[in-house]
Amino acid sequence: MTDVEKILFDGKYVRHYFDPKPGELIYHYTSLEAAKAILEGQSIWLSEYQKTNDASEFTFAKQRFRDEIAKLSTEYSSSSIDVYKERLKGFEDGQCMLIGSFTQNGDDLSQWERYADRASGCVIGFNAYWFWKYPGIRLHKVIYEDGYLKNLVEANLYMMDQAKKLFPQIPLELLATYFVFEQFCFKDHRFSSEQEIRMTRSVQINSNSDSGLDDGIMQLAKGKFPGPFAKPFEVKIRNGAYGQTRYISLPTIFRGSSAVRSIGFGPRCSPTDEQTFIETFKPMKRLKFWRSDIPLR
């Protein structure tokens, strides 16, 4: 067994896959005002990756993917490498990734401070399995290790070479496109304390639409699989923290079942605001409320 085969079969390659257990929660820190809008609107936003808080989003991983491909140029077939490089180069010309950021850490001081209105906001607990079981979006863990990225690129090239031999009917371009999406699983190691779980959906660039983006690719799957994400969503534009931001609104409720499971209030949250929020949303089924006990003034 080669080193790459060992990487594939011992699970090292799939650490960025996120397969939640039923009832497992992922968390989103935000202000009380934004949380109110999420609960009342029964939806969450996925926003274009260029407008996240990480200024190196995508470019960080893209350059490292290129570097690793260059190092492996003599070990794998030129056709696999050429297709991989072409898809890597052309991704931004034809598609845009929309992102929603969550975490596995529901009571983290740094995220209370940074994302929840300086700890006076809240954190929403979502049932990760609720999202995971429906096709149309992807959930994965963000990886902060360069060594894992190297293994991933090598494993991708290995699988493309094997697919060409064993399944010649599968276009290499299709595999390469899927692998290029995995660039969004990586971030600078200095963000590692966030333990991010990322929700993504790819949309097409369309200069004829008002937003310049089009979720029309989902027309191909419309009606072919169940769930709330099996239809195209309108790509809208809002004023975000980093300028005009394109986004889609994904539903958080389907056939009476809600993805929202808990609301945690920050250690600086006003008791009055907390109680008002609870009174407003306590009629929601299966919604639990709690307060962080981090001793923060």
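- Looking at R64 and E68, no side-chain N of the basic residue comes within less than 4.0 Å of a carboxylate O on the acidic one, giving no salt bridge.
- The main-chain N or O of D108 is found under 3.5 Å from a side-chain atom of Y29 such that the two form a donor-acceptor pair.
- E48 places a side-chain N or O within donor-acceptor distance of the main-chain N or O of R246, the cut-off being under 3.5 Å.
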> Are K21 and Y129 close enough, and set up right, to give a side chain to side chain contact (heavy atoms under 4.5 Å, CB included), and what steps lead you there?
Replying inline: CA-CA 6 Å; K21 300 174 183 177; Y129 188 78; over 6 Å; no
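- Contact between G23 and N127 at its shortest, heavy atoms only, is N-OD1, 3.6 Å.
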>> Does R261 form a salt bridge (Lys or Arg N to Asp or Glu O under 4.0 Å) with E24? I'd like the steps, not just the answer.
In response: CA-CA 10 Å; R261 289 290 183 266; E24 183 174 351; over 6 Å; no
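- With W130 contributing its side chain and F254 its backbone, the two residues share no donor-acceptor pair below 3.5 Å.
- With hydrogens and angles ignored, the 3.5 Å screen pairs no side-chain donor or acceptor of D117 with any backbone N or O of S31.
- At distances below 3.5 Å, not a single donor-acceptor pair connects side-chain atoms of R201 with backbone N or O atoms of I99.
- Residue R238 places its CZ atom among more than 12 non-hydrogen atoms of other residues, nucleotides or ligands, all under 6.0 Å distant.
- Ring planes of F229 and Y134: perpendicular class, angle over 60° (limits at 30 and 60°).
- Checked by atom type, the side-chain pair Y115/E194 shows a donor-acceptor distance below 3.5 Å.
- Using modelled atom types, one finds no donor on one side chain facing an acceptor on the other under 3.5 Å when comparing T200 with R138.
- Looking only at side-chain heavy atoms (C-beta outward), E182 and N156 come within less than 4.5 Å of each other.
- The ring pair (Phe, Tyr, Trp, His ring centres under 6.0 Å) search around F18 returns none, not counting sequence neighbours.
- Under 3.5 Å, the side chains of Y242 and Q50 contain no donor-acceptor pair of N or O atoms.
- Using cut-offs of 30° and 60° on the angle between ring planes, the pair Y84 and F65 is perpendicular.
- Side chain of T252 to backbone of Q42: a donor-acceptor contact under 3.5 angstrom is found.
- When H28, E196, R198 are each tested for a side-chain hydrogen bond (donor to acceptor under 3.5 Å, both in side chains) with S101, only one passes: E196.
- No single ILVMFWY cluster, assembled from side-chain heavy atoms under 4.5 Å apart, contains both Y247 and V203.
- Counting heavy atoms from C-beta on, the side chains of H16 and F186 never come closer than 4.5 Å.
- A 6.0 Å sphere centred on CG of D67 holds more than 12 heavy atoms belonging to other residues, nucleotides or ligands.
- A donor-acceptor pair is defined here as one N or O able to donate and one able to accept, closer than 3.5 Å; no such pair exists between the side chain of R87 and the backbone of L172.
- Residues T280 and K36 bring no donor and acceptor atom of their side chains to less than 3.5 Å of each other.
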>> Does F179 form a side chain to side chain contact (heavy atoms under 4.5 Å, CB included) with L157? I'd like the steps, not just the answer.
In response: CA-CA 9 Å; F179 293 148; L157 289 170; over 6 Å; no
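- Around the CD atom of E279, the shell of radius 6.0 Å holds more than 12 heavy atoms that belong to other residues, nucleotides or ligands.
- The aromatic rings of F131 and F102 are tilted relative to each other, their planes meeting at an angle between 30° and 60°.
- Within the 4.5 Å cutoff, no side-chain heavy atoms of R286 are placed close to those of S258.
- Heavy-atom contacts from other residues, nucleotides or ligands closer than 6.0 Å to NZ of K164 number more than 12.
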> L213 and I205: side chain to side chain contact (heavy atoms under 4.5 Å, CB included), yes or no, with the steps?
Replying inline: CA-CA 4 Å; L213 298 176; I205 291 175; 3.9 Å; yes
